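A quick note: this is a predicted structure, and the numbers were derived from the prediction, not measured. Sequence lines set the chain letters: A, B, ... in the order given, protein chains first and strands last, and positions in each chain run from 1.
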2 protein chains.
Amino acid sequence: MPEDALARTRNLFIRRWGEMGATWGISRTMAEIHALLFLTGDPYCTDDIMEHLQVSRGNASMNLRQLVNWGLIRRTHLRGDRKEYFVSDLDAWQMFETITRERRRREVEPIIETIDRCRQDLAAEMAALPPDKQEESRRYDEKLKDMIEFIHAVNALLDTVLTSGGGKIRKLTAVLMKVATSGKALSH
Amino acid sequence: MPEDALARTRNLFIRRWGEMGATWGISRTMAEIHALLFLTGDPYCTDDIMEHLQVSRGNASMNLRQLVNWGLIRRTHLRGDRKEYFVSDLDAWQMFETITRERRRREVEPIIETIDRCRQDLAAEMAALPPDKQEESRRYDEKLKDMIEFIHAVNALLDTVLTSGGGKIRKLTAVLMKVATSGKALSH
DNA sequence: AGGTCCTTTCATAAGTATCTGAAAGAACTA
DNA sequence: TAGTTCTTTCAGATACTTATGAAAGGACCT
């Protein structure tokens, strides 16, 4: 069957979403499956996905599981059908929230632990260091401190935005913009 | 020479930073070089980097160029030395700003273009679609519209935060938190 | 020009990540 | 229990990314 305009533009989007996912450390197939489910909002079973995206059963199965683990899609069942179906019923904002939380947990938390650990190690051995290294050591600790403070600051900002929910983002931005540009309210 | 405590914790951080970079779509070496320059703040030439990170000349050269392209490090020269040196003199906030802008330009802009293009294609062919597809088509367009509005909203928020500069982030967060939780100021 | 020192390039090698398909597993049915 | 249908797993194949090192290129000096 020849693709109609609908299928054609949908597939264009799915491909691009897949490519983008790839540059963000998400496998192409995982991103494509997600795009397919997200765009249609319909339940798809493994065979549907294999057919639409031309991927193997194993590949589909693995990536569906990953998407479920991330919380981006969920399993569901259709009356009178033993097969498992998958749906994505999050809106763009909820997706963002989910992805942000997951990535933070998986990737930001570990780096925070590493930095803390480095600083502890350094503090413990500081005294034993030859005097010429003390200054260097202090500067290094300073960098780590700045970095961790920065991460915490961004986390706090992000939490505030996330917990405020998607509907409010435009208003938050408006308020922020006013505060940020006024300068007065912020100076000291 | 045996590593001292300083070198040891520094190397721990560099390795972790490299791993994290990898999951974020940045090559391990590129992230490690960046960590090395960032932590020390000192100028390093290609040979220094080859030695510290145990990588080949070609690899060092390629990744240094990339980092310069991203704007994360800059080339410099030392008096009486013909070699080229590289330094990172951005603080954590400036790094974040630089990375955010680059990634947006490289990865978000294209997806915006794709969505716009999909919607145009769809609008153009809508009339020619069989009636049963019209409704499906409309729902699809709705999804794309939501998505692009979301992207623009996040971009606007990010721009506000970025242009306000790093020193203000804590105050911005404080203001936001008050606004977001009060509910009153935001309800329509 | 010829020599030295340094940087960049690029074909090939090495290393990773991803995908496939067949086999094993699980859940249900009769 | 044996059969059917669907799902998961995983060893091996494939495709992609990143690294190497030798050769070419460029800049400066004498």
Quiz item: Of the residues in residues 22-44 of chain A, which ones touch DNA chain C at a heavy-atom distance under 4.0 Å?
Solution: Ser27(A), Thr29(A)
Quiz prompt | Over all atoms of both residues, closest heavy-atom pair of Tyr85(A) and Cys45(A) | solution = CD2-N, 3.5 Å
Quiz item: According to a 4.5 Å side-chain heavy-atom criterion applied to Ile, Leu, Val, Met, Phe, Trp and Tyr, with indirect links allowed, do Leu122(A) and Ile112(A) form part of one hydrophobic cluster?
Solution: yes
Could I get a table of every N or O pair under 3.5 Å where one atom is in the protein and the other is in nucleotides 7-11 of chain C?
unit_1: dT7(C); atom_1: OP1; unit_2: Glu84(B); atom_2: N; d: 2.7
unit_1: dT8(C); atom_1: OP1; unit_2: Arg75(B); atom_2: NH1; d: 3.4
unit_1: dT9(C); atom_1: OP2; unit_2: Arg65(B); atom_2: NH2; d: 2.7

Quiz prompt | Closest contact, heavy atoms only, Thr160(A) versus Thr163(A) | solution = O-OG1, 3.3 Å
Quiz item: Is the gap between the ring centers of Tyr44(B) and His52(B) under 6.0 Å?
Solution: yes
Practice problem: Would you mind reading off the distance between Met50(B) atom CE and dG21(D) atom P, rounded to a whole angstrom? | Solution: 9 Å
Quiz item: Are any of Asn63(B)'s side-chain N or O atoms less than 4.0 Å away from OP1 or OP2 of dA19(D)?
Solution: yes
Quiz item: Between Asp48(A) (CG) and dT7(D) (C1'), how many Å, whole number?
Solution: 15 Å
Quiz item: Sequence neighbours excluded, which residues qualify as side chain to side chain contact (heavy atoms under 4.5 Å, CB included) partners of Lys143(A)?
Solution: Phe38(B), Leu39(B)
Quiz item: Whole Å only: how far is the CD1 atom of Ile49(A) from the C1' atom of dC6(D)?
Solution: 14 Å
Quiz prompt | Aromatic Trp70(A) / basic Arg103(A) pairing, under 6.0 angstrom, 45° off normal | solution = no
Self-check item: Presence of salt bridge, Glu142(A) and Arg119(A), under 4.0 angstrom
Solution: no
Quiz item: How long is the line joining CG of Asp81(A) and P of dC6(D), in whole Å?
Solution: 7 Å
Practice problem: Check whether NZ of the Lys or CZ of the Arg Arg74(B) lies under 6.0 Å from the centre of the six-membered ring of Phe86(B) and within 45 degrees of that ring's axis. | Solution: no
